[in-house]
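When a ligand or atom number is given, it counts from 1 through the structure's own listing order. Just so it is clear, the values below take in all heavy atoms, side chains as well, and ignore hydrogens, waters and symmetry mates.
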Amino acid sequence: MAKSVGVTLSERVFTGLVVDHELSGELNRFPKDEDELGALVEMHTDAIVETICSQLVAAAGDTKLDAVGVAVPGLVKNGVVEEAPNLPQLKGARLRDLITAKLKEHGIEAPVTILNDADGVAAGLAASHGKLDSMIRVWTLGMGIGFGRYPFTPGVWEGGHTVVTLDEKETYCGCGGRGHLEGVMGHRSMRLRFLDMEPEEVFEAAKKGDARCLEFKKLYHRALAAATASSIHMAGTGKFFLTGPYVHFVDLPMLKDYTQQMVKMSPLQGYSLEIVEEKAENRVIGSAVSAEQAAGL
Ligand SMILES: [Zn+2]
């Protein structure tokens, strides 16, 4: 029975002890108060490592750990954070080495895995849906658009930056690239496109028949369908989960309709799209399960 700690890092640090793919006890969170949510953005890397490790030590208690998994919002390779648009101070940080060394000071010697947070979501969903033996993909719709896949496969997988339009006016992606999925669906890009409206108001107005908002709603769904279709054409058919704080903007029948128009080859028809609720528990379990698999458990 594997015992691991999973950690996720975004606006908050969530930490939990995971025993046999299930959360054991309560989830720890930092910062505790909603109004301190900006705290992490202002911390330098050493302080973030310190925070993660103190949460980890508290979650582990007296348990001897088999693995530690830490999910971060960014591009991760071999334990190094290569890019982290929402926590830019982490860019270049050798997070695996830093956390391993700090944990040693506390007497914890378990192998540490650093993973992309969307991959952690995918692993958590695979575990909770009894799909640890099949390939699943997940779109996380939040400030940015994350793309996760399970099982872990070496690669870049920046699916949120899939090119979904050749329109030269589509320049809203935070990475600076033209025509990207996140440039349509990301929070910042929606704010730039509708300077006078919050995303919630845009979708509300679309419901009431506002032409400009309805046009955008269609673009939003066609963009997600296009990126999904591209993934199907490259990696094959299978299960796609949709989750994240903005998943309630998704009109599933509309998304399915557009995807159907874009995927026509009969061997690729076995895909399915499903909306699931965003849960921190799932992310934490996914981080732990990914770390266990990386450790060969
Ligand atoms: Zn981009």
**Q** Quick check for you: within a radius under 2.8 Å, how many protein N, O or S atoms neighbour the Zn ion (ligand 1)?
**A** 4

**Q** For the residue pair P267 and T237, what are the closest heavy atoms and their distance?
**A** O-CG2, 4.2 Å

**Q** Got a salt bridge between E170 and R193, using NZ or NE/NH1/NH2 to carboxylate O under 4.0 Å?
**A** yes

**Q** For Y258 and A225, work out which heavy atoms get closest and say how close.
**A** CB-CB, 3.5 Å

**Q** Looking at E168 and R178, would you say the former's side chain and the latter's main chain have a donor-acceptor pair under 3.5 Å?
**A** no

**Q** Examine K207 relative to F203 and say whether NZ or CZ is less than 6.0 Å from the centre of the six-membered ring and inside a 45° cone about the ring axis.
**A** no

**Q** Shortest non-hydrogen contact from S231 to R137?
**A** OG-NH1, 2.9 Å

